[in-house]
Amino acid sequence: MRAMLRWAHASSRTHRGEALFLVSATAGIVASLLLAAALFGYATNPWQRLFTQSNGAHVWIHTARTADPGRLASLDGVATLAGPYDTVVTSVASRGARAAVELRAAPATPPATGRPLITEGRWLDPAVPDGVVLDSGLAAALVAEPGDTLTLPGPEPRTLTVLGVADTAEPRYDPGERPGTVWAPAGAVRATPGLPGRVTGLRLTDGDDTEYAVQRAVTTLGAGAVTDVTPWQQARADAQGDTRLIGQVLGVFGLGALAAAALAVFGAISTRVRGHLRDISVLKAIGFTPGQVVRVFLAQHLAYAALGAALATALTQGLGRHIPGRLGDAVGVWQGLPGHTAALLGIPAAVVVLIGAATGLAAWRAGRVPPVPAVPAGAQAGGRGLSAAARQALALRGVPAALVLGWHRAFGRGRHTPATVARLALPLLLITVALGAWTTIERFDSRPERLGLPAALTARPAEGVGDREARALLQRSPDVVAAHRGLEVAALVPGQTGTIALRGLGTRQDPYPYSVVEGRPAHGADEAVAGQGLLDLLNVRVGDWVRLTVAGHPQILHIVGRSIEPENGGRVVSTSLDTLRENDPALEPTLYHVRLRPGADPQAVRAELADAAAGRLDIHVVSGPADRLSSLRGVVAGLIAVLALIGLTEVSTAIGGTVRDGERDLLALKAMGLSPREITAVTVTAVGATALAAAAAGTALGVPLARWLIDHQGHTSGMGAGIAHGPSAAQLLALVTGAVLGAAALATVPAARAGRRRLADTLSAVA
């Protein structure tokens with residue numbers, strides 16, 4: 001045992017750089033996987049915990065005030081009802097900020113089903129008839145807290161007093177898309193002008209039967225009475241947002257990096273075995289058994305992996321919550337979840353086991369080395385001479401001999417170079433995919449109109465403001481290119497199992513610039529474009545006809561194109577405002593999508609238009625995926641650093657193997673008259689050529705893989721394929737150049753040392 005430990009210690013001291021690389025790469029991989037687990041837990045568990053604590057409803061159904069949702073309590077599968085509650089859709093203002101809200105009549109005590117959980121202040125008080133409770137998302141948007149006042153619009157403005165702030169498992173407030181919830185006494189709701197309605201929550205005995213329960217509820221109430229349906233799956237998806245996407249990115253790249261690291265470890269040990277055949281033979285000659293040799297290599301590299309895993313685990317546990325942004329919040333929440341300890345111990349252990357398996361496979365070859373090799377080390381690899389092409393290249397004038405000999409050393413002999421190229425190409429392939437993700441995120445910032453976001457602002461007119469006045473107010477700014485009129489209503493899908501967003505945007509004379517990636521834009525009557533989420537929901541394709549129900553009236557549309565839809569999970573069908581008016585000529589636009597000239601600052605234009613409108617328009621800056629994915633840039637940068645570290649590990653292994661394989665050529669090269677500098681150039685060229693082949697293969701395979709992965713994620717998220725944008729030619733050139741120059745630079749010092757070796761040392765090395 002002492003001899004084994006002494007030999008392992010001496011080997012570690014001799015290969016310090018390799019040991020450092022292996023420890024660092026393992027630490028980076030484990031940290032990535034732990035953060036991925038934290039983000040997955042953060043994305044799912046907080047909503048689930050909130051749903052459980054609030055005894056949340058599986059379905060929320062909005063109806064007209066004339067409907068009688070109380071009858072739904074007798075349906076099979078319905079356990080309890082929340083409500084029905086009278087509602088009024090209106091808007092409120094606080095400290096200069098305005099927001100669309102749904103005033104919801106609530107009892108003096110929190111309901112048992114769908115109970116809001118108070119986080120600040122208190123619940124409604126009969127002694128305060130104008131007191132209200134805000135959902136936390138709305139309170140954050142209005143910067144409101146208990147004690148503040150809200151102003152209701154109207155000829156005689158009224159004020160409401162904020163008594164508390166509450167969390168709920170329902171979909172949260174989304175400016176321009178979904179109104180925020182305000183719980184208020186029934187008298188305050190009835191006295192407020194606005195769009196009246198009712199909302200009822202259904203808690204089911206089996207949450208998986210949501211679609212069937214919704215279908216029966218709509219049949220019972222009548223399709224014309226139902227205005228909106230929100231199942232619990234949609235609320236959960238909204239709560240998870242893009243945090244789950246970031247967790248998926250971390251998980252995929254973490255697993256890819258783990259595979260690359262395992263291959264790097266396998267290559268490192270295999271190269272060391274080839275380079276230390278005589279040392280291993282000596283170990284066996286002095287009494288080491290094959291099992292002991294295997295255990296030496298295995299224990300040594302398992303120690304590296306365990307050290308890196310322990311380091312990553314300690315850093316993530318101790319400092320993870322202090323990471324700025326969403327990652328830090330995710331780690332803080334994850335540390336309080338039930339499965340945290342199991343993941344914290346299981347993930348590092350799984351990484352160490354996988355690396356150990358790769359190590360054991362390579363170490364097994366060391367155990368098979370005979371005590372007395374019949375052929376000197378390197379003799380087998382040196383059995384192949386120069387190829388005809390290499391000899392012809394050497395005969396040409398102007399072609400450096402070092403270049404020809406280096407290329408021949410890399411590809412002209414031996415069976416190990418293809419494996420080295422494949423191992424080095426894997427981290428470069430993953431880096432290319434990461435660059436594709438980075439470029440796609442940047443494209444959301446620089447070219448949002450190509451990704452379904454041509455408008456930078458949305459504006460909603462106040463009550464009494466007509467279309468002509470609203471358009472005149474919006475066109476006062478020279479930065480406004482167009483203000484497209486729009487209308488959005490909730491439509492029941494066929495089968496009446498849920499609602500989707502039906503949008504009428506633009507007119508046939510002033511069409512809306514959709515981002516159509518399949519089919520064509522909608523021009524004629526009854527033509528529409530749809531998001532991927534809607535096509536999947538209805539199981540239809542471009543070219544099909546769909547029948548929707550809007551306020552009890554059928555709407556038949558011909559889907560002529562698929563558009564990129566970043567909002568509402570892609571469950572959106574869009575047509576022109578003229579098409580919607582054909583069924584109901586009284587429809588007026590309630591929303592304006594404002595396009596700005598290139599380079600204009602949306603925040604500055606919003607402030608300018610808001611001042612000019614003087615409260616007659618509710619204007620918001622469109623929040624795109626780039627805003628929600630901003631933290632992904634740091635994640636991608638960290639992944640690239642981890643992958644680059646793995647690549648450096650593989651490059652150092654390739655350098656060691658190339659230098660050792662070239663020792664037998666030293667005598668011949670010196671006999672040919674090559675100087676030590678030219679001999680060094682041969683080794684550097686061989687390493688650079690290997691890196692060039694790996695970089696070319698990695699980028700060539702990485703670009704289509706990046707497009708496929710990103711488009712696949714877009715498809716599954718409902719946004720739709722067509723959002724991927726591969727790395728630019730400059731980025732790919734920089735990656736290839738950096739890989740080749742970095743490998744050549746790392747090879748310079750060991751190659752120079754080998755080129756300056758004495759002839760006596762060379763003779764002993766090949767004897």
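When reading the values below, keep in mind they use all heavy atoms of this one structure, side chains included, and skip hydrogens, waters and symmetry mates.
Here the side chains of T149 and T151 are not in contact, with every heavy-atom distance at 4.5 Å or above. Under the 4.5 Å side-chain criterion, counting only non-hydrogen atoms from C-beta, P454 is in contact with Y512. Put simply, the side chain of L502 reaches to within 4.5 Å of the side chain of L557, judged on heavy atoms. Using a 4.5 Å heavy-atom threshold, the side chains of R158 and T192 count as touching. Inter-residue side-chain proximity for L534 and V572 is flagged as unmet; no heavy-atom pair is nearer than 4.5 Å. Proximity of R71 to L221: side-chain heavy atoms (C-beta onward) are separated by under 4.5 Å at one or more points. In this structure the side chain of H484 reaches within 4.5 angstrom of the side chain of P513, judged on heavy atoms.
Not one N or O on the side chain of R122 forms a donor-acceptor pair closer than 3.5 Å with the backbone of G164. The backbone N or O of A105 lies less than 3.5 Å from no partner atom in the side chain of D86, so there is not a single donor-acceptor pair. With R471 contributing its side chain and A483 its backbone, the two residues share a donor-acceptor pair below 3.5 Å. H58 contributes a side-chain N or O that, together with a main-chain N or O of L204, makes up a donor-acceptor pair within less than 3.5 Å. Looking at S563, its side chain never comes within 3.5 Å of a backbone N or O of E565 through a donor-acceptor pair. Using modelled atom types, one side-chain atom of T119 and one backbone atom of V165 make a donor-acceptor pair closer than 3.5 Å. The backbone N or O of H62 lies less than 3.5 Å from a partner atom in the side chain of T227, making a donor-acceptor pair.
Using a 3.5 Å distance cut-off with no hydrogens or angles, the side chains of T113 and T80 do pair a donor with an acceptor.
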Result block: side-chain N/O donor-acceptor pairs under 3.5 angstrom for residues 63-70, not counting sequence neighbours:
unit_1	atom_1	unit_2	atom_2	d
R65	NE	G197	O	3.0
R65	NH2	T87	O	2.9
D68	OD1	G70	N	3.4

What donor-acceptor contacts under 3.5 angstrom involve side-chain atoms of residues 128-142, with partners at least two apart or in another chain?
unit_1	atom_1	unit_2	atom_2	d
D135	OD1	G137	N	2.9
D135	OD1	L138	N	2.9
D135	OD2	T181	N	2.7
S136	OG	D167	OD1	2.7
S136	OG	R172	NH2	2.9

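The shortest heavy-atom contact between R485 and P589 is CB-CB, 3.8 Å. Contact between T205 and A79 at its shortest, heavy atoms only, is CG2-CB, 4.0 Å. Among all heavy-atom pairs drawn from R198 and P84, the shortest one is CD-CB, 4.4 Å. In this structure, A82 and W60 approach most closely via the heavy-atom pair CB-CH2, 3.8 Å. Scanning all heavy atoms of the two residues, the minimum distance from V88 to P193 falls at CG1-O, 3.7 Å. In terms of heavy-atom proximity, P116 sits nearest to A166 at CB-CB, 3.7 Å.
Annotation: the span from L609 atom CG to L474 atom CG amounts to 6.0 Å, rounded to 0.5 Å. The distance from the CZ atom of R104 to the CD atom of E170 is 4.0 Å, given to the nearest 0.5 Å. To the nearest 0.5 Å, atoms OG1 (T220) and CG (L75) are separated by 4.5 Å. Taken from CG in D209 to CZ in R216, the straight-line distance is 11.0 Å, to the nearest 0.5 Å. In this structure, CD on Q555 lies 7.0 Å from OG1 on T575, to the nearest 0.5 angstrom. Interatomic distance, CD1 of I61 versus CG of L202, reported as 5.0 Å (0.5 Å rounding).
A salt bridge (charged side-chain N to carboxylate O under 4.0 Å, His left out) check over residues 185-197, counting only residues at least two apart or in different chains, returns nothing.
Under the 30°/60° scheme for interplanar angles, the aromatic rings of W183 and W123 are found to be tilted.
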side-chain contact (heavy atoms from CB on, under 4.5 Å) between L577 and L487, worked out: CA-CA 7 Å; L577 192 58; L487 176 68; 3.7 Å; yes
Steps toward side-chain contact (heavy atoms from CB on, under 4.5 Å) verdict (L548, V573): CA-CA 10 Å; L548 308 173; V573 59; 3.7 Å; yes
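For the pairing with Y592, the side-chain contact (heavy atoms from CB on, under 4.5 Å) check across L457, T458, L505, D467 returns one residue only, D467.
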